[in-house]
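Predicted, not measured: the structure shown is a model, and the values here were computed from it.
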Amino acid sequence: MNASRIPTPPDVAWQQKHLLDVDVLSLAEIQLVMRTTDAMKEVLARPISKVPALRGTNVTILFYEASTRTRVSFEVAAKNLSADVVNIAASSSSVTKGESLVDTIRTVEALGADMIVMRHGTSGAPYLAAEVFSGSILNGGDGWHAHPSQALLDLYTMRAHLGDVRGKKVVILGDVLHSRVARSNVWSLTAAGADLWICGPTTILRGFDTWAGRWASGGAPGHVGFTVTSDVGAALRDADVVMALRLQRERMDAGLLPSLREYAARFGLTRERLAVAKPAALVMHPGPMNEGVEIAPDVAVLDRSVITEQVTNGVAVRMALLYLLAGGHPEAVTNA
Amino acid sequence: MPDLRVGKMVPLLEISRAWLVDPVGEREGPGEVVVRDGILEAVTWLQGAEADGIGPDGVLVLPGFLDIHVHLREPGNEDAETVASGLAAAAHGGFTTVCAMPNTTPAADEPGVFARVAGAAATSGSPVELLLHGAITVGRGGERLAALGELADAGAVGFSDDGSPVKSAIILRNALLYAGMLGLPIVEHAEDVTLTAGAEANEGLVATILGLKGWPAAAEISAVERAIAILDSVRADAPGARLHLTHLSTAGALDAVRRAKAAGLPVTCDVTPHHLGFTDEWVAGARRWAWEALDGAGTARDPWADGALVARPYATACRVNPPLRGAVDAAACLASLIDGTADAVVTDHAPHTAVDKETEFGLAAHGISGVELAFGVLLAAVAAGRLPLARAVAALTVGPAAVLGARPGRRGAARGLVEGEPADLVVVDAGDRWRVTADALASRGKNTPLLGRELPGRVLLTVAQGRLAYRDVAGDASGS
Ligand SMILES: [Zn+2]
């Protein structure tokens, strides 16, 4: 375990007890996450990629929605930090029995949880959990609202290739209305100063035009504005990053779109469409992909597709977040 | 009268040097009142030097309030509210008459349910008068007309499926025709449910940012316009048909009513304190009054940009149907009271248990417990110079009485400070403030986003039909 010290990032105070969304993070805090993630990447590159930072800490992963990738990513991250990990898939058991979220959180706390990583289908649910739980809540995705660890790993991945994203044109393409990934990315990318474009058909773009309109002359303090359009060509022109979002079949059932085929034809990320972007434009996707719908199979495997890198970076970002939320001051983490 | 208990006749009450508002006589000013043996014996208006130093920011004497839209939850959900606790809450809010909605379990769609509720009111000992709306359709199911005639004979003052709209246009038409024959209004909760399926928060910036499913204004506007068109179509057959649109929350719906009134249609409407005082920003964590959420140009401020977010987001106390709207709609609600488009303020008092509210936002029960807080919210608007006091009082007294079509001589119909009648009044210290806490609320429903905040206007005393309905134990009800 001689290599278990985590390199020390510059000293910026981490103010958050919970991480429910990125909207509360200052740019300095976002940069702290990025630097802590650098440190975690270094740990992951070692032969024994495990540090004792969270030894004795119980991290309970409470998922009300099935999601293998995010759950496993958090689990690997927590184990790399030597946490004790408890997995609870709540969707099938407690909800159907009528156990309330509040009861579940109290039970999980009584069972010894120090931190809860929570995924829930209802927007805002982690805020209720945070009110009840005495430890830290890390939002692993709530309804349409937020997915902070995804937005931070997206930003980390962009920075790894582009350096500072300030002024870089980043396009989020697809079903933003139902996307917690899109909302959290709006906060993190506008904090980082990117030239953010949101693009999709009007029915699943609804509301974002209002948001962009309100921020047209600058956003919330510390944030820049962003652009919303249904014009794919205009959105992709000279883009530095294009992130396609998953389109779910339910959208047709709800009458929001005519068909997957029509969506793919008009809004799918194809080589032809991508041709107007910058030659080295990064291709991203939060997964899981519907290849042939929102993204063409030959685009997903392009050299400049960083989709698998997003998955790898996801573990490092989640290690950083767990570590910071655990109150980890970098200097305090030493070899056992 | 320190020993007088609730329900007992008020032997002697003298209130001197107060600000009186009499919406029947359309008069307000300094004055004094004397109640003897339950009768309002004397109302004296003070002039000249006697009136010096008496203003509308001190002790107010007002006619007892009338709320034509409350939910008392009995029978069926007594954990949330009983008739007794609801009437106690009403008295604390200054209301001497409330009209309960029929969405109980079972629904009040036949006279047997009325008898149970009236029995509970009688045994409560409260002098607050309880009026009842009957259901429009059997079980509020929207398919077959309820026992409208029998309900009318049992004392129904109107019919409503509130909680839900009357989905079927033909049922709404027939209900207007039949209730018109009975001389009673249809009280419609206007909502196009095809636009609101799964909706969580007012469609707009707040819902977008919070990832909540949008609840469009068009759902209310289109339902209001449909109901008005149907009303217009039945007038020839049923001259007595009346449509009352309750808890309107959007500028567009109020405009539609304004036009219908101008065209002479027998339509009335009301707005709630929460729709004119709160906004959808409250769901995001803001707690400023609606009129403070508008900029100088009359457009809504952005609470994310100006630091107005002070409470945690997704507070289920803010979940209500119709949803809290944006500041522009809230301003339209307030304006509608001033120009008379809205005939009344109703509280839509909707108490819920902690269990039904301590849950995820999208799963929480709709409704705000409001009958104790309504006048305080209106007083806040008055204090901000947004609402004349006389309009606020009229909207709680003569306005709703006119909606019901209360005829003189009927109990509680006067809604003024009328000498020789049983005293029906509320005494409020407009200069005092109080903190809204769970313990301070008589209602079993503690579900209000005002919990923990201060409201202006402490109700000192409520007298209903000459009997004591509420007395502030901490303050001093000036008088003997
Ligand atoms: Zn209603």
Exercise. What are the two closest non-hydrogen atoms of A/Arg214 and B/Arg301, and how far apart are they?
Worked result: NH2-C, 3.1 Å
Exercise. Of the listed residues (A/Ala220, A/Pro221, A/Gly124, A/Gly207), which shares the most heavy-atom pairs with chain B below a 4.5 Å separation?
Worked result: A/Gly124
Problem set entry | Interface residue of largest heavy-atom contact number with chain B, from A/Leu128, A/Val102, A/Leu177, A/Leu20, under 4.5 Å | A/Leu128
Exercise. Do any N or O atoms from the side chain of A/Ser123 and from the backbone of B/Gly211 form a donor-acceptor pair under 3.5 angstrom?
Worked result: yes
Problem set entry | Most chain A-contacting option - heavy-atom pairs closer than 4.5 Å, from B/Thr299, B/Leu205, B/Ile209 | B/Ile209
Problem set entry | Partners passing side chain to side chain contact (heavy atoms under 4.5 Å, CB included) against A/Ser134 (at least two apart in sequence or in another chain) | A/Glu109
For this session: Flag yes if more than 12 heavy atoms outside A/Gln16 fall under 6.0 Å of its CD atom; otherwise flag no.
Result: yes
Exercise. What is the distance from atom CG of B/Leu363 to atom OG1 of A/Thr122, rounded to the nearest 0.5 Å?
Worked result: 4.5 Å
Exercise. In Å, rounded to the nearest 0.5 Å, how long is the span from CD of B/Glu360 to OH of A/Tyr64?
Worked result: 7.0 Å
Problem set entry | side-chain contact (heavy atoms from CB on, under 4.5 Å) assessment of B/Trp304 paired with A/Trp187 | CA-CA 11 Å; B/Trp304 280 272; A/Trp187 285 107; 3.5 Å; yes
For this session: Heavy atoms only, distances under 4.5 angstrom: which of A/Arg206, A/Arg180, A/His178 has the most pairs with chain B? Name it, please.
Result: A/Arg206
Exercise. In terms of ring plane angle, is the pair B/Tyr314 and A/His145 parallel, tilted or perpendicular, where the classes change at 30° and 60°?
Worked result: perpendicular
Exercise. Passes side-chain contact (heavy atoms from CB on, under 4.5 Å), A/Trp144 versus B/Thr208? Steps please.
Worked result: CA-CA 9 Å; A/Trp144 303 350; B/Thr208 298; over 6 Å; no
